[in-house]
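Everything on this sheet refers to the single structure shown next.
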Amino acid sequence: MATAVIMPKLGNSVESCIIVRWHKKQGDQVTEKDILAEIETDKATLELESPASGTLLEIFFKEGDEVPVLTHIAAIGQAGEDAATLRPTTATNAPAAAPIAEIPTRPAALPKTNGRETALPPAATIRPTTTDVAVGVSPRAKNLAISKGLDLEDIQGTGPHGRIIERDIQAALAAKPQLTPLAKSMLAKGEFIAPEQGSGVGGRITSKDLLPAAQPEPQMAAPAPTADETQVIPLKGMRKVIATRMLNSMQTTAQLTLNAAADARALLAYRKQLKNSPEALGLQNVTINDLVMFAVSRTLLQYPDLNAYFADETITQFKTVHLGFAVDTPRGLIVPVIRRASQLSLKQLAQEAGRLARACQDGSAAPDDLGGGTFTVTNLGSLGIESFTPVLNVPQVAILGVGNINLKPVEVDGDVQFIPHLGLSLTINHQVIDGAPGARFL
């Protein structure tokens with residue numbers, strides 16, 4: 001009986017992986033533990049081993065495909081054996097087979113605080129996408145849209161994570177102007193356009209209300225650039241994942257950014273003190289960002305509204321801070337997580353931040369190092385940025401941006417003094433956090 005090669009579940013937050021490269025081709029003989037392919041999560045590239053020995057009967061997905069976890073991606077068995085029963089409906093290299101059921105996933109373990117488990121967000125459900133169903137659309141909504149002739153691309157979803165649901169279709173239908181049969185037939189020819197409201201009963205649009213469609217004026221075609229003047233770069237791998245997540249964050253949350261500047265004199269003085277401390281203390285390499293993250297991990301405990309997730313119309317607050325921080329790497333932006341940052345000493349936090357940053361830079365970060373954060377810090381101060389608009393790392397509800405340190409004129413006892421200030425930018429999800437609580441935290 002043929003054996004399925006399954007896209008593994010690499011960490012609690014990983015819902016899909018990209019096939020970067022196949023090391024074997026269909027028909028090759030393989031042995032157990034042979035490297036079949038390279039796969040990429042949103043943060044790391046890993047090798048996928050063969051689960052059995054035999055012939056690689058069929059490869060269901062090609063290089064560059066993004067595949068949901070726990071999906072069959074290939075089949076291994078005896079030469080000539082039929083692998084049709086293992087072929088998923090989402091396969092890009094083969095015809096569709098029977099649909100795959102939804103596969104619920106659950107965290108392997110829950111973090112503990114003072115001996116008690118800390119709540120994590122509800123388990124995710126992986127839904128394999130198909131080539132003929134719009135991604136992020138419920139079946140009822142899709143069927144209703146098709147029956148009414150609505151274009152799903154023009155509809156903004158209000159369901160979880162921006163999913164289009166039936167009420168979105170109903171709202172679009174209610175907002176759509178009503179036309180008489182004659183007006184509909186005239187519009188179908190493309191020679192007229194309809195106003196927002198007609199002169200008929202209840203604003204119904206009649207044939208008399210239609211306006212002639214403006215004919216576009218001919219334009220001179222711009223000269224096409226030559227091949228040596230352009231470079232075409234496909235959006236794939238980590239860049240594609242980052243693009244998708246950033247767009248999803250902006251489309252599904254109400255983001256509000258608050259900017260402030262903090263007196264940095266004590267911060268700079270303490271950093272200088274640590275730099276000159278005895279080497280045996282292990283604090284000489286503590287950075288300004290380490291100190292900011294240490295302060296954040298303690299301050300968040302007083303503001304549980306910001307140390308939280310918002311998903312599926314549910315708010316989950318955490319009693320422990322699992323602190324994510326942005327790392328710039330050659331492969332793109334990576335956000336490792338310092339587990340239980342609120343329980344670590346300054347030395348422990350700085351050491352863990354350094355370890356994770358090095359792992360992200362050299363590509364050795366494990367999947368579990370890159371998920372489960374409850375709050376994120378992103379620092380652009382070293383690049384000269386004073387303030388910016390950080391984008392939420394959903395389902396987190398807040399992210400702190402750190403800018404550089406600049407001299408700011410401040411009136412002191414009637415005189416103006418130039419005092420170093422640190423730029424801070426806090427983005428919150430205004431759906432669940434008001435401006436005043438965010439400002440108090442900041």
Side-chain angles (χ1 to χ4, degrees), residues 255-277 281 283-307 321 323-328 333 335-336 338 341-342 344-347 349-354 356-357 373-393 396-430 433-442:
Q255 303 198 19
L256 171 68
T257 300
L258 310 174
N259 296 293
D263 188 329
R265 287 177 293 183
L267 181 70
L268 293 172
Y270 189 53
R271 170 67 183 91
K272 183 177 180 180
Q273 180 182 339
L274 294 177
K275 195 171 184 179
N276 297 325
S277 64
L281 293 179
L283 295 171
Q284 293 181 345
N285 294 324
V286 172
T287 66
I288 291 293
N289 200 50
D290 293 333
L291 292 172
V292 171
M293 290 194 296
F294 184 82
V296 167
S297 69
R298 268 53 182 180
T299 308
L300 275 174
L301 296 177
Q302 305 169 45
Y303 295 88
D305 289 353
L306 277 74
N307 189 43
V321 179
L323 189 61
F325 66 103
V327 177
D328 180 32
L333 179 67
V335 183
I338 302 173
S342 53
L344 300 180
S345 67
L346 174 59
K347 178 180 177 180
L349 186 147
Q351 289 175 338
E352 180 66 358
L356 290 169
T374 59
F375 186 95
T376 298
V377 173
T378 176
N379 192 329
L380 292 177
S382 63
L383 299 176
I385 301 301
E386 297 181 14
S387 64
F388 56 104
T389 305
V391 178
L392 287 176
N393 189 8
Q396 296 175 22
V397 300
I399 180 173
L400 178 67
V402 182
N404 63 356
I405 295 177
N406 282 315
L407 293 176
K408 179 180 178 181
V410 178
E411 183 179 358
V412 180
D413 297 330
D415 294 327
V416 174
Q417 298 183 13
F418 288 87
I419 297 174
H421 276 71
L422 176 70
L424 299 173
S425 303
L426 177 72
T427 296
I428 58 176
N429 187 345
H430 213 346
I433 301 176
D434 294 331
R440 295 188 187 101
F441 166 82
L442 190 56

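In what follows, every heavy atom counts, from backbone to side chain, and hydrogens, waters and symmetry copies are set aside.
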Closest heavy-atom pair and its distance - G403, L422
O-CD1, 3.3 Å
When you look at Q396 and T374, which way does the side-chain hydrogen bond (donor to acceptor under 3.5 Å, both in side chains) test go after all the steps?
CA-CA 6 Å; Q396 296 175 22; T374 59; over 6 Å; no
So do V377 and L323 actually touch side chain to side chain, heavy atoms under 4.5 Å?
yes
If you count the non-hydrogen atoms of other residues, nucleotides and ligands that lie under 6.0 Å from CG in D328, is the total more than 12?
no
Correct closest heavy-atom pair for T378 and P390 would be CG2-CB, 4.0 Å
Mind running side-chain contact (heavy atoms from CB on, under 4.5 Å) on I405 and L268 for me, showing each step along the way?
CA-CA 10 Å; I405 295 177; L268 293 172; 3.6 Å; yes
Would S425 and T257 count as having a side-chain donor-acceptor pair, cut-off 3.5 Å?
no
Can you tell me how far OG of S297 sits from CG of L349, rounded to the nearest 0.5 angstrom?
6.0 Å
Scanning both residues in full, the closest heavy-atom pair of P420 with L407 reads N-CD2, 3.7 Å
Tell me whether D263 at atom CG has more than 12 heavy atoms from other residues, nucleotides or ligands lying less than 6.0 Å away.
yes
At what distance, to the nearest 0.5 angstrom, does CZ of F375 lie from CG of L400?
5.0 Å
Quick one, T376 and V335 - any side-chain contact, counting heavy atoms below 4.5 Å?
yes
Counting C-beta onward and ignoring hydrogens, is there a side-chain heavy-atom pair between Q284 and L274 closer than 4.5 Å?
no
List the atom of L344, the atom of R298, and the distance in Å for their closest heavy-atom pair.
O-NH2, 2.7 Å
Does the side chain of Q255 reach to within under 4.5 Å of the side chain of I428, using non-hydrogen atoms?
no
Minimal heavy-atom distance between D305 and V397, with the atoms involved, is O-CG2, 3.4 Å
Looking only at heavy atoms, the pair that brings L256 and G435 closest together is CD2-CA, 4.4 Å
Check whether any side-chain heavy atom of T427 sits under 4.5 Å from a side-chain heavy atom of F388, and report yes or no.
no
Are K408 and F418 side-chain neighbours, meaning at least one heavy-atom pair lies under 4.5 Å?
no
Atom CG of L258 and atom CG of L424: how far apart are they, to the nearest 0.5 Å?
11.0 Å
With a 4.5 Å limit on heavy-atom distance, are the side chains of P409 and Q417 in contact?
no
Side chain proximity check, P437 to Y303, heavy atoms < 4.5 angstrom:
no
Decide yes or no on side-chain contact (heavy atoms from CB on, under 4.5 Å) for L333 and V327, but give the supporting numbers first.
CA-CA 6 Å; L333 179 67; V327 177; over 6 Å; no
Please step through side-chain contact (heavy atoms from CB on, under 4.5 Å) for the pair N406 and H421, ending with a clear verdict.
CA-CA 5 Å; N406 282 315; H421 276 71; over 6 Å; no
For the atom pair CE (M293) and OG1 (T287), what is the distance rounded to the nearest 0.5 Å?
6.0 Å
Side chain N276, main chain K272, donor-acceptor under 3.5 Å
yes
Working to the nearest 0.5 angstrom, can you tell me the gap between S345 OG and Q351 CD?
7.5 Å
I would like to know whether V286 and L346 meet side-chain contact (heavy atoms from CB on, under 4.5 Å); could you show each step before the answer?
CA-CA 8 Å; V286 172; L346 174 59; 4.1 Å; yes
From CG (L426) to OG1 (T389), nearest 0.5 Å
11.5 Å
